[in-house]
Each structure stands twice: as structure tokens, then as C-alpha cells.
Peer 1: 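Encoded as C-alpha cells, here's the structure I'll be asking about.
Throughout, a chain's letter reflects where its sequence line sits, starting with A, and its residues are numbered from 1.
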Amino acid sequence: MSALFNIALGVAIIAAVAWSFRFIGQKVTGNAARFRDMSFGVAFGYVLGLVVLLWLVWAYLQSISSDQATANKFFFLGVAIKAFILFSILAWLFRLLGRNVGTAGTRKMFRNIPLTASFGILVIIFYAVLAIFAGAIAPYGQDEIISGVAANIIPGGDPALGGDPAFPLGTDQIGRDILSRLIFGAQNTVGIAFATTLLAFFIGGSLGFLAAVVGGWLDQVLSRGVDVLMAIPSLIFALLLMTIASVWSAELGIPLTFFMVLIIAVIDSTRVFRLARAVGQNIVVMDYIEAAKLRGEGMGYLVFKEILPNATAPLLAEFGLRFCFVFLTIAALSFLGVGIQPPLADWGTMVRDLASFINFAQFAPLAATAPLLAAGAIALLTVAVNFVVDWMLHKSSGLKE
Amino acid sequence: MALGLLTLLIVSIVIFVAVNLLPGDFAELILGQGATPEAVAKIREDLGLDQSLVSRYFGWLGGMLTGDLGSSFAQLNFQTNLGGAGGVTVAEQIAPRFANTMFLATVTAIIAVPIAVTLGILAALYRNTVFDRAANILTLSSISSPEFFMAYVLILFLAVLNPILPSLSNIYEGMAFSDRLEKTLLPALTLTLVVTAHMMRMTRAAIINLLASPYIEMARLKGMSPLRVIVKHALPNALAPIINVIALNLAYLITGVVVVEVVFVYPGIGQLFVDSVKIRDIPVVQACCLIFAAAYILLNLTADILSILSNPRLRHPK
Amino acid sequence: MTDTLLNIRGLKLEGRSDETWNPIINGVDLTLARGEVLGLIGESGAGKSTLGLAAMGFTRDGVRISNGSVEFDGIDLLTASAAVKRGLLGKRIAYVAQSAAASFNPAHRLIDQHVEGPVQHGVMARADSELDGMELYEKLRLPDPESIGFRYPHQVSGGQLQRAMTAMAMACRPDLIIFDEPTTALDVTTQIEVLASIRDIVEQFNTAAIYITHDLAVVAQMADRIKVLLKGDEVETADTRTMLSAPTQEYTKSLWAVRSFERPLKAPVVASAVPVVSVANVDAAYGKAKVLHDVSFDMHEGRTVAVVGESGSGKSTTARCITGLLPPTAGTISFGGEAMPADYRKRSKDQLRQVQMIYQMADTALNPRMSIGEIIARPVQFYLGLTGKEKRARVDALLDQIEMEPSEYYNRLPSELSGGQKQRIGIARALAAEPKFIICDEVTSALDQLVAEGILRLLAKLQDRLGLTYMFITHDLATVRAIADEVVVMKDGRVVEAGPKAEMFKPPHHPYTDLLLSSVPEMDPDWLTNLLQERGVDNIGDAAADKM
């Protein structure tokens, strides 16, 4: 009850401050349009934003306080604030770099890029490098149980807190280096997701365009089939098929991961099909397609010269979104224990294995970082891709919004 | 309506056929390689495996409609190896968990829908302001993050660092409502975060689309107050898209519950589903799958019907 | 108490694109006396609508007022508070938008939207306003004035909606109404009714108005004074009669001159000549709906046949039958005396080559991902088999023919060209096939008058040089007058009348042709008045068309 009372009191105070803020603004600026036409809600919003900002500063100061218990409590918020500032600076520097280096085209692109998209591109490049050169970068093997080293070394590398400088992110429950597993995870999780998305695009894209161009019964059959597949929630359908695939995999001796790629690609290709068909249909009604048809052009020319070049922008954006979706589905399956199988290092599996460390957060915040790092690695990439896609869609839609 | 039922029927066929693509014999699957021939024969009879595929399908579908979801493999295994009746049927396993999941989904919807729609409308009204941009970044991040990431972050802050809510949702029958609500709150908040982000972005897009219409400009040019423009001119037309957004996101919740239930060990249908997938208990998987699909189709259908009902062009034909 | 109602001084407006602000209006002055109607004319992109809205103190998203003042009856609209402005809008200044169908809220009945202004501004009670609305509907000659207000917008036709919107603007008896191209989206026979109604009611209530349009003849009927805009600058202002008879500026003169373009008459066709394309007894249907009924006409070598009719008359469908996109259900299409297969997929490459098409919307007719060179080169290679240097030489020659510099345009993309240039590329692509027969489907209706005139002159020149036959689909009779040799009038999927142009523009003709011809506004400011006197208010527009 007292909590509710406190919240109500807080809102009332903010409202009062907001009202006076607007009132004083009107008086001081001699009723300038900005304050005169400001609605109360907007004033409230400004004050609320200010309160949140002040609280964040306070929380950051708490996180570096000398009292260990307080510092522990605000450790994660402190890290988040630091990370936010660091990422913003990096994104800004990257954009500055992009504006001054490279061809005229890329420089032009970077001139109008928002910081979020610049951050997204930076992160994607970082992950790509990690994934491609994982073997060279990672200090240990992904399934290497390092002999003579204790399991459950705490991240941070500080021996006083139970860390070990040789393992900056610590070791897991059976003594594998977490940093190495994270780096290999980039290769496995991202690589598999990328391959799956490519496959989904190949299937969905080609069928979608075919349906759009040919139309008639082929379109009807394919579209109804896709409708049915889309009527089953995708994660549920994937789990069902994975159950079946696990039996097949044991029977045939084919790795389950292979089935997973196939299953998710097929399920996801339905979404690609819808988009490709819609985009294709929008293009097919254009007069230049009619002109080409009346000229007597064949199907190949129509699809590859007239339709595809005009469909690349929406398809590229969709590729980003689909990749995120596939990546999250694979992570979820792995987290549930039916996705990428050991000994391959994988972020979803790592989160599941290390999850219990979160409960130590209050006393040893560093210990709790391990599972969050793996989960955060997944989130960071999907956030980055989404930022870039959001920017691309915004740009191509030409909307001022 | 008929279309929805037809889709559901076809979906049930797809699920049934998919399951029957399994190699070998269910009976061996249940009992393992070393089972005695008599035990295998008994299970084959129990499952009706000696009948044709079509009659088995109709038997299964009929059972589904009458609430008889059959026997789980775990139950059959138990019965065959230990003799006699025993174990829990699929229906007995699913019923209480289904109720729990519905409770979780309802709590989530009650929190998420008002917040999301309000914030979505605000973001549309104050678009391109600091508020809108911050909301855009936050919702995009929230959509992009895996559900278990959100779940653990919430556990970290609300259960471990500040012990406000329990991190384990061990719900049992006969629990007081307030306890039950308290235990459900953290998983519900996790789902809220994910669903709200989606719903808010979609609401924002729908409203912005609407505010660009010439009739909104006309209302402003008639000197109507901003509040009246929103309430009288935008809202009646926004109802259809907003209802659509809500229904679509409730449908999305269905997928979301699976992971969240596992994280919080919430005894719902999602967790049962995952557990059954792991031990390959086909009848349970099949039944859960059909229930999820039915709920999903129903919500999508509701979205369609409601948006037709709220369209004046269709309500008042020429 | 001055007589000046609206006073705009040095107004500058800017629009945002790609994060930079570009000028739309560069310092325009405008004064309007009470009860005066000012015509604001200019081509697309001249900034007329933006200026019209700014006169209400209103800017759309992405537009801002950077300088100047707007004073309405002594009130400075640019510094007035939002509440003061709201008190004026709808009550003393009203707006009539271009698309009535989109500007009425689909969720409310017409009368509810009508009374909203008076009730909210406290001018009238709801019941009074409803009665007043019905009276206004009657004054505007809407059918069933007592009941039409209780319909939803989608249940009422476009011309009627436009009048209902004028009634709504009148609801508070404003001092000023901004009409933003109110008849542009309407057919000519519908337009005339709306024009007559608007003019009547504005006169009756002595309302001042700014009438925005791109159509000179329309503005001549409506305005006391005309202001001509070009790319955000004022060209000249004068009262209507002076402006029409003696424009001082070159730009204005050239606008006026467009109307006078007319080709010399050609000798009549020899009776025994074989037509290039002949349409004989063609019926066609979309699914079950029959849209063409027994359509027959011939098109002879070197002639332009204009096919005229309003939207839905079947003129574009006829073109689709000729190209083979929509195989007729009965009848034949013959080329040079020989019947062609009905479906274009069954026609030979040469048959396809001989029939080319130029489209209305140049934007959708050119593949945005191909360069101009590639677009024109494709038919050259496809039909004539030219490659390499020969192909390039041919494309260059074609670009020369359409009066565009080959070296400058060869590598450009369509998005880098203006509307008129894109249309020229469409012509070049058709010419590249070296056809005998070209279908021009409303090729000038999306273009500004000056640009359109250039296209018409180019087409005429090409016809004379290459002996081409054109089928010219249009709804604009001025275009017909300019370019046609023969005219086919269509209505509801039937040919109403056909014959040489000279005969068509002379009475007696079919009553529908007569209606169509007489509905086209002329530059004479007395035209509408005379026409109304001649025919009576009940014999114009849809009412008259329905009687046939």
C-alpha cells in the first residue's frame, strides 16, 4: 500500500513541478510561442525525463561508492550506463571515420546516418570478424577442458575475488574458458543462423516470385499452403518438428543441427514467400512490365532484368529481419536444450548452463555476469541488425516520419 | 469463421502427418530396443497402430474434440513396465497447466495492452521528438532481445538485487489468489516487456498512418482542438488497426510463453510442451501443438472479424 | 474598417527534404478584399497549395514559414496563439480540399461533420445547423438535400461530396474560403455542376475566396483577379479580363498560347484505303462484367484517331483489346487488313513490333533500375537484332529524334529526369521498335500544360516524318482539338459517335458529344454564365448525362 502511495506522491510532485516549469517559462520568456502553446502533458514529459536522468546519475554514483554492499547492488546499472556511453562514443567515432574515409558513395551514406545505425554497422562488422577468425582469436578450443584449472573461475581476472588473469571471463562448470566459448559461439550461432536465413530466402524468394509472375492456380496452391504453415506458431512448429527430427537423427546418424537448419529454413521461408510475392505483385502491375510482356520477352528476362533489380531494397531489409528472427529461434531452441548440440559452443546453451550464477549477484556481481554476457551477446547482435534495418526501411520508404 | 475452422482442420492434419513421419514403431520408441514382443504388441494395440492412418487420424481428432487426448507415452511405459492402470493421461496433464498458462497470458494482457496502446498513441502524437526517438530505440532493443535475456535481467534486478518478487513461479493448486499473482508477476512482466514493445510500435505506425489522412488535416483546418481531433476523428478510424495489433500480439504471446515458462519454472503448458519434446512423448507434443495452433488461429480470426466490424464502409454498405 | 480581408507580405516558405530546408515560396505578396475571388494558378510544384494553406496560418509537416507576415482582418496569424487560430479556422476561414472522398472522415455521416464546426465554434445549435446544412445542400443542388446528409461519405459520389464539402465550408458563413483544386479529380461533365454551385454560393454570401487550380479556363470562370505563380515566385497579377486578353509576362503568354496549338487539317481518307488497324464488332469483359459492346472503328495510315470519353467509358479497355492484353470475347482486331490473334502471347514477333504503346504515367512505364540507354536499346536489340556500335548509334539517333542530347542522357536513370523527359523516353522506346501504329494512352494528362504541349508537338512532328498512325486516348477535348484527325466518342463501353474532327466540332451531333463538348471550360470568362443561361442549371453535368 505504501508503495502505491509513494508512486502517487511522486507523480503529484512531478505534475506540480511540470506546471510551475511551464508557468515560469511563460513568465520568463514573455509568453514565447514555445511555452504558450506547450500542453501540460509535454511539460510533464520534460520533467519526468529529467527525473529519470537524475536518477541514472545517482545510480551511477552509487555503483562506484566505497560501500561494497551498495556498490554491488548498483554494479550492473553502472556497467549498463558505462556501456551505453562507451557504445555511443564508438558509434560517433565510427560515423566520423565513415564520413572522411572511403569512396564518395560511402561517405555520402555516412553523412545522413543516425547514430543507432552507425552503431549497428560497427557491431555487425565486429561480429563478422569474430565469427570468421574465431579459431585465431580464441585463446582456447571451444570444447577444451583445460587441465589443472578449476571449474567455475569467476570473471574479472582478479585473484582476490576468485578470478584468474589467464581467464578474463572465467571458466564454466566443467572448466572450459568462457571467453573462448563466447568467441566460438559467434562462429557457430551466427554462422548457422546465416546459412539458415540464406536457405530460407532461396526457397521463399524463388517460390514467391514464381507465384507473383505466373499467378493463377500455382499462386493459389502455394499461397494456401503457406497460409496453413503460418497458422501454426513458428516456435511451436519448430519444436514439434525437432522432436521428430531428433528420432530421425538418431536413426540415420545425421547431426540434429543439420535438421534444425532445414526445419527453421522451411518455416521461415513462408514469411519470405509472403513478402517476395507481395513485392513481386507490386512490380508486376507496373507498366514497364506490361511493355516488356507486349514486346514478347520471356520469363527469364522478366524475372531477372525487370523484377529482381527492383525488389532488392525490400528483400535486403527483410533479410536483416529474418536473420534476427532465425537467430533468436535458434537461440531459443538451444536454450530449451533442443537446438545446437554439444560439443559445439553456442550462446543459447551457455545461458542455460550458466543461468544459476545469477543468484549470486548480490554478493559476487562478477559471477553473475557470465550468463548475462552470453545472453547479451545474442541481444547485441539482433539489436544491431534491427537498428540497421530500421534505418534502411526509413530511408527507402522516403517518409519524413 | 468457416475459414478459421478449415485452417484448424488442415493444421491438425499437418501435425498428425508430421508426427507419423517418424521412422520405426512408436511402441519401440516408448519401450526402447530391449522390449519384449508381448509388451510391444500390447502398446501397438493400445495406440491403435494396427489400424490405417486415416482411421487413426479421425480417432485422434474425435478424441481431441471430446477432450480425450489419449495416453501419454510416459503413462504407457509406466503401465506396461509396472503393470495395471496408473500414470496420468494427456488430458489430465494438460488441463491444469492450460489454466495456469491462460492466467499468465491474462495477467500479461491486462498490464501490457493499456500501456502499449497509450505509449503508442503518445509516440505517434509526439513523433520525431526526444521521447519518440528514445521509445524507438528502447522498443527496438526490447524486440530484438531474446526472451530469456529479458527474463534474467528482470530476475537480476527485481528478484536478486532487490528481492521484491520471487524468481521461481512454483504455483500449485489451491494457492491463494494474491500469492499466485505475486508468483506470476515476474514472468508476466517479462512477457509484457516483449509484447509491449511490439504492440507499441505497431500502434504508433497505425496512428501515424491515420494522422497523415486528409480528413485529419481537414478537422484541424476546421479549427478543432487537438484533443477533439484525436478523440472524434482519429480514434473511430484507429480502432480497427489497434484491435488488429492487440489480437496479433496476444497471438504472439503464445510463442513467448514457452521460453518464459521454462526460465521461471512456471507450470504451464509451454513447459510441459518442452519437457515432452525432450523425452519425445509424442501424444503430449501433438496435443500441445494443436492447442497452441488453435489459440493462435482463434486470435488471428478474432482480429480479422473485429477489424471488419469496426470498418464503417463494411458496416454501412452502399 | 478597411476593405482588406487578407494581407500577406513577403511570405517565404521552406520544405524539408533529406535533412535540408529548400525554399518553396520565395517572398510572395497577396492582398484580398472582402468578397473578392482571387484565382491562384501555376503548374505542379509552383507552391500554390502551400501558399493557400499558409494563408490560413497552417503548414503541413515538413514545411515551415521562414519569413513574412500573414494578416487576416488585422490579426497576425503567424504570431497568434494556437487557441486564437483555432477560433478563426473553420469559423471565419474555411478550406475545401482537392479530394473530397479522402477529406471526409469515413467514420461519421456527412451532416455530423457539417455541424461540427458551427457547434464547436458556438455559432449555431446543432438542430439549427442541421437545418441550415440541408438548406445549403439544396442551394448547391445536391439531390435529396433532406436525406443526403445522413449518409456516410463512401455512399455518396465524388461530385456530390465536393459540393457537400463546400456546404461544410459555408457552415459558419466564413469571410474567406480557400478552394484547393476542388474539381481537378472530377470528370468534365461533373466538374461543371460543381463550378456552377461554388460560384453561386460564393456570390450569394459575398464570401472572399482563393481559388487554386492549374486550369486556366476554370479560373477564368471563377475569379475576379488572377495571380500566376511559377516555382514559388509571383509572375504577375491582374484582374481576370486583363490577364486573359493582355498578359504582360512571357511565361503567362506561353501558358495562354498552349491553348492555340492546332494542326492543319489533312485530306480525307480515300474510301478504298486499307486501314492500318481496324477494330471490328469487339465485345470484351472483365470476368462476368461486360465492358465493351460492339465497338468498331478504323485507323488509317498517318492519321491520329482520338478516342474520347470519361472515366469508365471503355477507351483504355479498347486499347487493351488491340494490344492483346485482354482478348475480346467477340469481334476481331486486324492489322493491315489481316486479323491478328486475340491473345498477345499468340502473336508473332513482327505483329508485336508493329503495335507499340506509350503510357500515361511515365513513372511506372520506365524500369527505375535501368538507364535510359538500356531502356531504349532493348527493343532495338530485341526486334532489329542490332548489337554493339550499331545499337548505340541507333539509340543515339532515337534520342536525337525526341530532342534529347544522347551523350548527356544515355547513362542517366529515369529518376533523374523530369516528367516531360520521362514521357519522351517512353516515346523513344516505342519508336525503337519501328512500328506503324502507336497507342498513346492519356500521354499528356499527368503533365503540366507547357510540357504537354511540347509532347504533342513532338508527336505531331514524328507522325509527319515517319508516317505513323496514332490511337490517342484522352478525356481532354483541348488535346483532341490540338492533335486529332478523326474522333471516336465512347460512353459506357459503346461508340457514341465517330468521324473527322472538323465534323465533330460542328453541330449537329449526338447529344452526349454535345454535352461533352459544351462542358469543357473555355478561356472566355463569360462562358459559364452563357452556358447556364443557354441550358438552365438543371441541364448540365450528371443530371443531363443521366437523361441520355
Side-chain angles (χ1 to χ4, degrees), chain A residues 26 29-40 42 108-114 213-216 279 282-316 391 394-401, chain C residues 15-20 60-63 78-86 319-320 322-325 344-353 355-370 374-375 378-383 414 422 425-426 429-430 432-433 435 439 441:
Chain A
Q26 283 169 351
T29 60
N31 226 12
R34 183 171 182 81
F35 284 101
R36 185 192 61 202
D37 294 336
M38 181 186 282
S39 69
F40 179 69
V42 173
K108 184 160 181 249
M109 182 183 89
F110 273 100
R111 206 170 307 140
N112 288 326
I113 199 171
V213 177
V214 177
V279 170
N282 278 340
I283 299 174
V284 162
V285 296
M286 290 287 172
D287 289 335
Y288 59 84
I289 302 291
E290 187 182 301
K293 277 186 187 167
L294 284 179
R295 204 184 301 142
E297 302 281 7
M299 183 68 73
Y301 180 87
L302 281 180
V303 171
F304 289 105
K305 295 292 270 190
E306 304 274 4
I307 297 179
L308 258 187
N310 288 296
T312 43
L315 283 186
L316 200 64
W391 167 61
H394 181 93
K395 218 172 53 156
S396 69
S397 68
L399 288 175
K400 301 276 185 291
E401 314 298 352
Chain C
R16 190 178 56 199
S17 64
D18 286 343
E19 311 291 315
T20 54
R60 292 203 166 115
D61 280 350
V63 177
L78 301 188
T79 56
S81 77
V84 169
K85 265 200 283 193
R86 274 205 301 277
R320 288 174 68 83
I322 294 174
T323 55
L325 279 169
Y344 76 94
R345 278 167 285 211
K346 299 204 177 77
R347 290 184 188 172
S348 70
K349 208 168 174 178
D350 196 54
Q351 281 171 328
L352 289 173
R353 180 178 72 79
V355 178
Q356 290 294 315
M357 182 127 179
I358 306 170
Y359 295 86
Q360 174 178 9
M361 307 299 292
D363 280 324
T364 65
L366 306 179
N367 186 338
R369 294 279 163 165
M370 281 193 186
E374 285 174 301
I375 289 172
R378 181 63 194 173
V380 170
Q381 186 180 352
F382 187 79
Y383 289 125
K422 277 185 241 181
I425 302 302
R429 179 176 59 186
I439 299 174
D441 188 357

Peer 1: By a 4.5 Å heavy-atom criterion (distance strictly below it), what part of Ala80(C) contacts chain A: side chain, backbone, both, or neither?
Peer 2: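 For Ala80(C), the backbone is the part near chain A, not the side chain.
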Peer 1: Restricting to side chain to side chain contact (heavy atoms under 4.5 Å, CB included), what partner residues turn up for Ala430(C), sequence neighbours left out?
Peer 2: Gln356(C), Ile358(C), Ile438(C)
Peer 1: Check whether NZ of the Lys or CZ of the Arg Arg378(C) lies under 6.0 Å from the centre of the six-membered ring of Tyr301(A) and within 45 degrees of that ring's axis.
Peer 2: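 Geometry flag: set, cation within 6.0 Å and 45°.
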Peer 1: Could you check whether atom CZ of Phe304(A) has more than 12 heavy atoms from other residues, nucleotides or ligands sitting under 6.0 Å from it?
Peer 2: no
Peer 1: With a 4.5 angstrom heavy-atom cut-off, which part of Arg353(C) approaches chain A: side chain, backbone, both or neither?
Peer 2: neither
Peer 1: Looking only at heavy atoms and a cut-off of under 4.5 Å, which of Val355(C), Leu366(C), Ile375(C) has the most pairs with chain A?
Peer 2: Leu366(C)
Peer 1: Hey, what do you get for CZ (Arg369(C)) to CG (Leu308(A)), rounding to the nearest 0.5 Å?
Peer 2: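 These two atoms lie 11.5 Å from each other.
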Peer 1: Heavy-atom pairs under 4.5 Å with chain C are the metric here; pick the option from Val285(A), Thr312(A), Asp287(A), Ile283(A) that has the most.
Peer 2: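 Greatest number of close heavy-atom pairs with chain C: Asp287(A).
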Peer 1: Pick from Asn367(C), Leu352(C), Asp363(C): which one has the most heavy-atom pairs with chain A under 4.5 Å?
Peer 2: Asn367(C)
Peer 1: Could you note down all residue pairs passing salt bridge (Lys or Arg N to Asp or Glu O under 4.0 Å) where residues 302-315 of chain A supplies at least one of them, sequence neighbours left out?
Peer 2: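 Sorted result for residues 302-315 of chain A: empty, none.
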